[in-house]
**Student:** 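First the structure, which I've put down as structure tokens, then a few questions once you've had a look.
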Amino acid sequence: MSLVVHKYGGTSMGSIDRIKKVALRIVKWHNAGYQVVVVPSAMAGETNRLLKLAKDITIEPDNRELDMLASTGEQVSSALLAIALQSAGVPARSYAGWQVPFRTNNAYTKARIVSIDDQLIRSDLSSGKVVVITGFQGIDPNGHITTLGRGGSDTSAVAVASVLKADECLIYTDVDGVYTTDPRIVPEACRMPVVSFEEMLEMASLGSKVLQIRSVEFAGKYRVPTRVLSSLTDPLLDLEEETRSGTLITFEEDEKMEEALVSGIAFSRDEAKVTLLSVPDQPGIAYSILGPVAEANIDVDMIVQNQSVSGMTDFSFTVNRNEFQKVIELLKNKVIPAVQAKELATDQKVAKVSIVGIGMRSHVGVASLMFQALSNKGINIQMISTSEIRTSVVIEDQYMELAVRTLHHTFGLDQI
Ligand code: ASP
Ligand code: MG
């Protein structure tokens, strides 16, 4: 018998009406003979509402208590879904993370899953029940409730699918799959029927916020066949059709995928660039600049060090825009006095645009095609970074949409 894990996001669980629709969909799978484990998110907006209650008391609430608080959102939606399933005539039971249990470390608000016990789940499944498990939460070695970080239900679902060796993990969400780029910017963007796990990782980390990045890492590490599909279709949609819809994340690189040079265009507006002008070009300088930045837990993305002129060089890097103030203070107080930089230049009006595709591995000249397309539009490239399956550029943010559209067209991704 086939075993599947379904994950429903907050929008899908957003009201009693929607929960009843989710139940109808699950009943369809159950009646077709599937064993179903369901991982719901909290009802839309609920996690934000709960966290705000705490922030209304103090600006820095204790993380353990935040997890105790935020985890209740999923307990509500899970119980309601089990009730809806029972009302539809299907035996169902819901569990909180600690009951299964989902064991995690004790990093409150961003805990990592250590192990999942499958005994309870398996025994319920074999007695014909649908098992509903709260997403987003677990229990630490001392019995305290933990949460997995915002968007963590995706990771809960993929993790439980991996432990149960599920045939597929279906992530139901309010989009109908992963697109070649954001359709709000490029209306010609297409849904990808399949995407390789590595491409998905690049797309997710570069700002296509369909899945929590950790869930993609998890799917890759444990090779969990994972499908992103719409929860907004008719719940009674033909099951065959539903099993073929959305985007499947695959681990085998089939030939068809190799044909495509570039599979998608990712972008991020949340970039900021800082440059230390005229620092001595000598061993240890990169470490003196980026060491303190790493120590302060600030993520650095692209790094460029220029050619030195009479022993001096310029050193630039990018950070997420919401860490910009933090990095500036650190540079002014600590780094600049230490490395004797002449000047600090900053730019918050930058964006990053990337072409992504496993086809780039076996083709040369892809990056230069990208640069040519951007130059034809008069877009200046400020920084470049590459990996085996990605080339990223930093450009002025007002040209971001033009760049995305241009590249989408250049690499033949526009819907015909
Ligand atoms: N409810 C949690 C959140 O809003 C987890 C999730 O939805 O995945 O972040
Ligand atoms: Mg989500």
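Start at 1 and go down the list; that is how both ligands and their atoms are numbered.
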**Student:** Once the angle between the rings of H6 and Y8 is folded into 0 to 90°, is it parallel (under 30°), tilted (30 to 60°) or perpendicular (over 60°)?
**Tutor:**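 Perpendicular.
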**Student:** Would G10 count as a contact residue for ligand 1, given that I'm defining contact as a non-hydrogen atom of the residue lying under 4.0 Å from a ligand atom?
**Tutor:**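 G10 does not count as a contact of ligand 1 under the 4.0 Å cut-off.
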**Student:** Near S41, which atoms of ligand 1 are under 4.0 Å from a heavy atom of that residue?
**Tutor:**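 So the atoms of ligand 1 that pass are 6 (C), 7 (O), 8 (O).
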**Student:** If the cut-off is 4.0 Å to any non-hydrogen atom of R150, which atoms of ligand 1 fall inside it?
**Tutor:**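 Taking each heavy atom of R150 in turn, ligand 1 has 3 (C), 4 (O), 9 (O) under 4.0 Å.
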**Student:** Taking only Lys NZ, Arg NE, NH1 and NH2, and the carboxylate oxygens of Asp or Glu, determine whether K332 and E329 approach each other closer than 4.0 Å.
**Tutor:**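 Judged by the 4.0 Å cut-off on N to carboxylate O distance, K332 and E329 do not form a salt bridge.
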**Student:** Please check if the side chain of D140 supplies one atom and the backbone of G143 the other of a donor-acceptor pair under 3.5 Å.
**Tutor:**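 Checked: pair present.
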**Student:** So is K7 polar-close to ligand 1, meaning N/O to N/O under 3.5 Å?
**Tutor:**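 N/O-N/O distance below 3.5 Å does not exist for this pair.
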**Student:** Strictly below 4.0 Å, N to O, side chains only: are D182 and R184 in salt-bridge contact?
**Tutor:**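 Between R184 and D182 there is a salt bridge, with a charged N closer than 4.0 Å to a carboxylate O.
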**Student:** With a heavy-atom distance limit of 4.0 Å, tell me whether E46 approaches ligand 1 through its side chain, its backbone, both, or neither.
**Tutor:**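 Neither part.
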**Student:** With the threshold set at under 4.0 angstrom, would you say G73 reaches ligand 1 through any of its heavy atoms?
**Tutor:**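 The answer is no, since G73 has no heavy atom less than 4.0 Å from ligand 1.
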**Student:** Taking both backbone and side-chain atoms of G151, is any N or O found less than 3.5 Å from an N or O belonging to ligand 1?
**Tutor:**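 Among all N and O atoms of G151, at least one is under 3.5 Å from an N or O of ligand 1.
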**Student:** Do any N or O atoms from the side chain of R390 and from the backbone of S354 form a donor-acceptor pair under 3.5 angstrom?
**Tutor:**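 No; zero donor-acceptor contacts below 3.5 Å.
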**Student:** Taking only heavy atoms of S153, which atoms of ligand 1 are found under 4.0 Å from at least one of them?
**Tutor:**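 Contacts of ligand 1 toward S153, numbered from 1: 5 (C), 6 (C), 7 (O), 8 (O).
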**Student:** Just wondering, do L3 and R122 contact through their side chains at under 4.5 Å, heavy atoms?
**Tutor:**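 In contact.
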**Student:** Under 3.5 Å, is there a donor-acceptor pair between the E168 and Y34 side chains?
**Tutor:**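 On atom types as modelled, these side chains do not qualify, holding no pair under 3.5 Å.
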**Student:** Using heavy atoms and a 4.0 Å limit, tell me yes or no: is Q212 in contact with ligand 1?
**Tutor:**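 No.
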